[in-house]
Amino acid sequence: MAQIQPRFSRIAAWSLAGGLLLGGTGQAAEHDAVRAAVATGQYKPLSTILTEVAAANAGRVVDVETKRGPKGELRYEVKLVDNQGLKQELLIDAATGQTVQRVAKDRSQALGMAELAQYLAKLAQQHASRITDVEFERDQQGRGVYEIKLSADQQGYRKLVMDAATGQVLPSAPTKGRNPAPLKRVDEVLQALAPRFPGQVLEVELEHDESQASYYEIELLQSNGSTLALKVDARSLQVLKQKVED
């Protein structure tokens with residue numbers, strides 16, 4: 001049985017009576033709604049869920065984020081690391097405490113620096129681009145792959161997925177034609193979010209995901225010294241994710 005580490009204790013303390021890990025007055029309504037749902041038994045307290053996770057899994061809890069399921073149901077994404085450095089991500093239903101998805105971060109196929117450098121140099125030359133980010137992951141077939149971000153033209157970035165075993169770029173799913181709305185300027189984003197999210201701005205950065213959807217990552221310093229991280233759709237200004245870090 002895994003022992004609860006100090007990091008877990010700190011997360012459990014943040015959860016208080018089972019509320020979200022979304023501190024700051026900007027999320028008061030959501031926070032209160034979750035507290036009420038815990039009080040009525042609709043959701044299990046987060047502290048209870050984390051205790052169950054620690055008892056059933058080796059390693060220690062290092063991070064917790066809130067997410068919404070396809071029908072709006074509350075879920076917790078819990079990340080663990082064992083003594084060998086193996087990472088796991090659990091997606092847990094807040095109502096039942098059941099694990100609905102488990103992803104093990106097996107990094108055994110990750111490449112050494114010299115071998116990876118050769119593949120990346122070839123890709124950069126083929127695409128006449130500068131590689132800015134590289135991350136090892138497992139795809140849906142269980143293959144070890146590298147997700148690679150390349151700088152592109154004024155439209156931003158593009159991403160490729162490379163098979164770690166062969167160095168070959170894997171085909172990506174075709175995207176449907178669309179006429180997207182223009183990207184919001186940074187000042188427009190901040191003005192729209194200011195009434196809902198108080199705090200001092202530490203960083204604003206425009207990013208692009210695998211499907212070339214654009215979003216802003218924003219960090220706000222809260223009055224209690226914590227940092228609120230927001231992921232915001234760069235076109236609709238919908239808040240896609242929010243997380244408090246100590």
Side-chain angles (χ1 to χ4, degrees), residues 5-16 18-35 46 50 60-68 74-81 87 89 91 105 130-137 147-152 154-159 180-246:
Q5 300 293 330
R7 172 65 174 168
F8 164 79
S9 301
R10 197 157 60 245
I11 294 174
W14 287 341
S15 69
L16 299 175
L20 289 169
L21 301 181
L22 300 177
T25 57
Q27 298 78 42
E30 174 84 352
H31 192 97
D32 292 343
V34 172
R35 282 181 177 272
L46 177 57
L50 291 179
R60 61 191 181 96
V61 176
V62 296
D63 192 32
V64 178
E65 295 184 23
T66 58
K67 291 192 172 183
R68 291 286 177 177
L74 180 68
R75 293 174 173 180
Y76 294 109
E77 183 183 73
V78 181
K79 298 180 181 179
L80 305 99
V81 179
K87 295 182 180 180
E89 292 182 2
L91 196 59
K105 298 290 187 177
R130 180 171 56 90
I131 294 173
T132 60
D133 290 280
V134 180
E135 183 176 5
F136 180 81
E137 292 287 354
E147 295 180 352
I148 301 169
K149 181 191 286 186
L150 302 94
S151 63
Q154 296 179 351
Q155 296 180 354
Y157 295 85
R158 64 177 302 190
K159 284 191 175 182
L183 297 179
K184 298 293 187 181
R185 303 190 310 269
V186 172
D187 61 297
E188 293 176 320
V189 176
L190 297 180
Q191 288 174 358
L193 297 178
R196 298 166 53 197
F197 300 97
Q200 298 169 273
V201 180
L202 299 179
E203 183 178 4
V204 181
E205 187 174 5
L206 180 64
E207 296 285 356
H208 310 271
D209 64 18
E210 291 84 354
S211 63
Q212 291 301 298
S214 301
Y215 61 91
Y216 284 101
E217 290 187 342
I218 302 172
E219 291 187 6
L220 299 173
L221 179 64
Q222 303 294 280
S223 58
N224 62 1
S226 64
T227 300
L228 174 62
L230 301 175
K231 179 179 178 181
V232 182
D233 188 289
R235 303 181 192 277
S236 69
L237 298 185
Q238 177 186 358
V239 177
L240 305 173
K241 183 187 292 186
Q242 45 192 321
K243 175 186 174 184
V244 169
E245 301 173 343
D246 64 348

For this session: Sorted by first residue and then second, give each salt bridge (charged side-chain N to carboxylate O under 4.0 Å, His left out) pair with at least one member in residues 185-195; sequence neighbours left out.
Result: R185-D187, R185-E188
Validation row: [X], [Y] side chains within 4.5 angstrom (heavy atoms):
X: L202; Y: L220; answer: no
X: S214; Y: R235; answer: yes
X: V62; Y: R60; answer: yes
X: V189; Y: L237; answer: yes
X: E203; Y: I218; answer: no

Supply the atom-to-atom distance [X] [atom1] to [Y] [atom2], rounded to the nearest 0.5 angstrom.
X: K241; Y: R68; atom1: NZ; atom2: CZ; answer: 14.5 Å
X: Y76; Y: L46; atom1: OH; atom2: CG; answer: 4.5 Å
X: L230; Y: F197; atom1: CG; atom2: CZ; answer: 5.0 Å
X: E245; Y: E65; atom1: CD; atom2: CD; answer: 8.0 Å

Problem set entry | Smallest separation among heavy atoms of Q242 and T66, with atom names | O-OG1, 4.2 Å
Exercise. Do K243 and D63 sit within salt-bridge range, that is, some charged N less than 4.0 Å from a carboxylate O?
Worked result: yes
For this session: Flag the pair E147 and K159 as a salt bridge only when some basic side-chain nitrogen lies within less than 4.0 angstrom of an acidic carboxylate oxygen.
Result: no
For this session: Check step by step if side chain to side chain contact (heavy atoms under 4.5 Å, CB included) holds for E217 and V204.
Result: CA-CA 6 Å; E217 290 187 342; V204 181; over 6 Å; no
Exercise. Could you walk me through whether V232 and L193 pass the side chain to side chain contact (heavy atoms under 4.5 Å, CB included) check?
Worked result: CA-CA 9 Å; V232 182; L193 297 178; 3.8 Å; yes
Problem set entry | Listed partners of K67 passing side chain to side chain donor-acceptor pair (under 3.5 Å), at least two apart | E77
Seminar exercise, completed: Applying side chain to side chain donor-acceptor pair (under 3.5 Å) to E207 and not counting sequence neighbours gives K149
Problem set entry | Residues L206, Y216; criterion side chain to side chain contact (heavy atoms under 4.5 Å, CB included); working and verdict | CA-CA 5 Å; L206 180 64; Y216 284 101; 3.9 Å; yes
